[in-house]
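Comments concern the structure below.
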2 protein chains.
Amino acid sequence: MRKPTGRSDVPTAAHAILGLLEMDEGSSHGYDLARHFGDSQPLAQVIHLEPAMLYHHLKRLARAGWATATVEPQGTRPARQVYQITTTGRAELRRWLSEPVAHTREIRLEFLVKLYLAERLDPDLAARLLADQFDTCRRLEASLVSQLAALTPADADSSDRVFVRRVLELRLAQTRAAVRWLARVGV
Amino acid sequence: MRKPTGRSDVPTAAHAILGLLEMDEGSSHGYDLARHFGDSQPLAQVIHLEPAMLYHHLKRLARAGWATATVEPQGTRPARQVYQITTTGRAELRRWLSEPVAHTREIRLEFLVKLYLAERLDPDLAARLLADQFDTCRRLEASLVSQLAALTPADADSSDRVFVRRVLELRLAQTRAAVRWLARVGV
DNA sequence: GGGATCATGTAACAGGTTACATGATTCA
DNA sequence: TGAATCATGTAACCTGTTACATGATCCC
């Protein structure tokens, strides 16, 4: 018998669904929610979610106690599973929305989803999120700068060192681009 | 019975291992290769590879005919599985190394691995890869610029439109950062 | 007649993560 | 004595992708 594998780490998609349940307030079932991730919808520009995974996440949200499902018979069609966010689900959503992402690479997906939802659910929260994300990226930038500074003094330029320097320079460039973008968005 | 599920898409990790087999030329078994992905090794700054996945990929490389395994008994320890790259494996590696990545988000991981290996296996190939990647990113940049231009004329500024514009602006910023970095590296 | 729409999924596969199994040997 | 090294993995879980099942109804 194994230990119950100490994992946590709820994926962005699950939180996105949780946010949509909060926005759509009331009647949301899988097929309905799927439209948010369909062609030319704003969220679809940022996160892809196939029906298979959508239904999967809905079940997990229910298992976690963040949503409840009620069955709505449809006559001929399969019964609708209408989901509703719970109080603990709402608390979890808020917690997630207040938390900036830790890495620059997560801006493109996770942060954009947070921003989309926060702006539509609570503009004040969105403003705070933006400010916190800006600070986080600034700190990342400073850390990269000091890592680079610690690197260059050693004059031995093995190709491995050159490579590591380039990696840091790329990260710094990406992080600075994010910082400038955040500053422009957060006016 | 299902169709054999039309997938392909070999992951970066597998190609990284293939590249290391080509570099280490001869005696490389799992435990040995693992050192490349250990603390403070240059590749570890870019890609994480736990032993479990390393051994998994080695088996898949053998299954694909890109490497062959020969058993080297060790007495008391488990026998070493020594892997060697094959001719088709070498061809596949070369093909992969010549191909720039299609998306800006893939620069951070997949492109950096290609660059690391190409520079160590064939500097000319590395130079061509850099040039091709630069062109690809330039085209991406142009595409994003025209997408933004197509967006702004419509004056109706729904919050959804604002969001989509921001997404494009972030991508453009990230792509431009990559372009400048590539230009600096590729001197 | 034939495809899109509604509404739910399952099956089979993939990569990836964490924890653990095995068992002798070397070193602090 | 007990941790690290060598060398291989497996087990159990996860997200994610693609293909397909079901079956009525609506619209061209």
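In what follows, chains carry the letters A, B, and so on, assigned in the order in which the sequence lines appear, proteins first and then strands, with residues in each chain numbered from 1.
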Residues passing the ring-ring contact (aromatic ring centres under 6.0 Å, His included) test with B:Y116, sequence neighbours excluded, are A:F163
Report each atom pair, protein N/O against N/O of nucleotides 23-27 of chain D, whose distance is under 3.5 angstrom.
residue	atom	partner	partner atom	Å
D:dA24	O4'	A:T76	OG1	3.1

In whole angstroms, the gap separating P of C:dG23 from OH of B:Y31 amounts to 18 Å
By salt bridge (charged side-chain N to carboxylate O under 4.0 Å, His left out), B:E169 pairs with (sequence neighbours left out) A:R184
Only pairs under 3.5 Å count here: list side-chain donor-acceptor contacts from residues 34-61 of chain B, not counting sequence neighbours, and write none if there are none.
residue	atom	partner	partner atom	Å
B:R35	NH2	B:D32	OD1	2.7
B:H36	NE2	B:D24	OD2	3.2
B:Y55	OH	B:Y31	N	3.4

From CG of B:D32 across to C1' of D:dC6 the rounded distance in Å is 11 Å
request  = Determine, for A:R120 against B:D160, whether the closest basic-nitrogen to carboxylate-oxygen distance falls under 4.0 angstrom.
outcome  = yes
Donor-acceptor pair, side chain of A:Q133 and main chain of A:V101, under 3.5 angstrom = yes
Sequence neighbours excluded, the answer for ring-ring contact (aromatic ring centres under 6.0 Å, His included) partners of B:W96 is B:H15
The reported gap from CG in A:L97 to CG in A:D122 (rounded to nearest 0.5 angstrom) is 8.5 Å
Here the residues of residues 52-70 of chain B within 4.0 Å heavy-atom distance, strictly under, of DNA chain C are B:A52, B:M53, B:H56, B:H57, B:R60
Residues at least two apart in sequence or cross-chain that pass side-chain contact (heavy atoms from CB on, under 4.5 Å) with B:T68, listed by chain then number, are B:Q84, B:T86
Residues passing the salt bridge (charged side-chain N to carboxylate O under 4.0 Å, His left out) test with A:R90, sequence neighbours excluded, are A:E22
Between the CZ atom in A:R80 and the CD atom in A:E72, the distance rounded to the nearest 0.5 Å is 6.0 Å
When rounded to whole Å, the CD to P distance for the pair A:Q81 and C:dA7 reads 12 Å
Residues in residues 34-50 of chain B with a heavy atom under 4.0 Å of DNA chain D, by number, are B:R35
Hits for salt bridge (charged side-chain N to carboxylate O under 4.0 Å, His left out) against B:R95, two or more places apart or cross-chain, chain-then-number order -> B:E92
Between CG of A:L33 and P of C:dA7 the distance, given in whole Å, is 12 Å
One would report the end-axis bend of the helix from C:dG1-D:dC28 to C:dA28-D:dT1, five pairs per end and rounded to 10 degrees, as 20°
| query | Taking the side chain from A:K114 and the backbone from A:I107, do they hold a donor-acceptor pair closer than 3.5 Å? | reply | no
Under 3.5 Å donor-acceptor pairs involving side-chain atoms of residues 174-182 of chain A, not counting sequence neighbours:
residue	atom	partner	partner atom	Å
A:Q174	NE2	B:Q174	O	3.3
A:T175	OG1	A:T104	OG1	2.8
A:T175	OG1	A:R171	O	2.8
A:R176	NE	A:E141	OE2	2.9
A:W181	NE1	B:R166	O	3.1

Rounded to whole Å, the CG-C1' distance (B:D9 to C:dC13) equals 13 Å
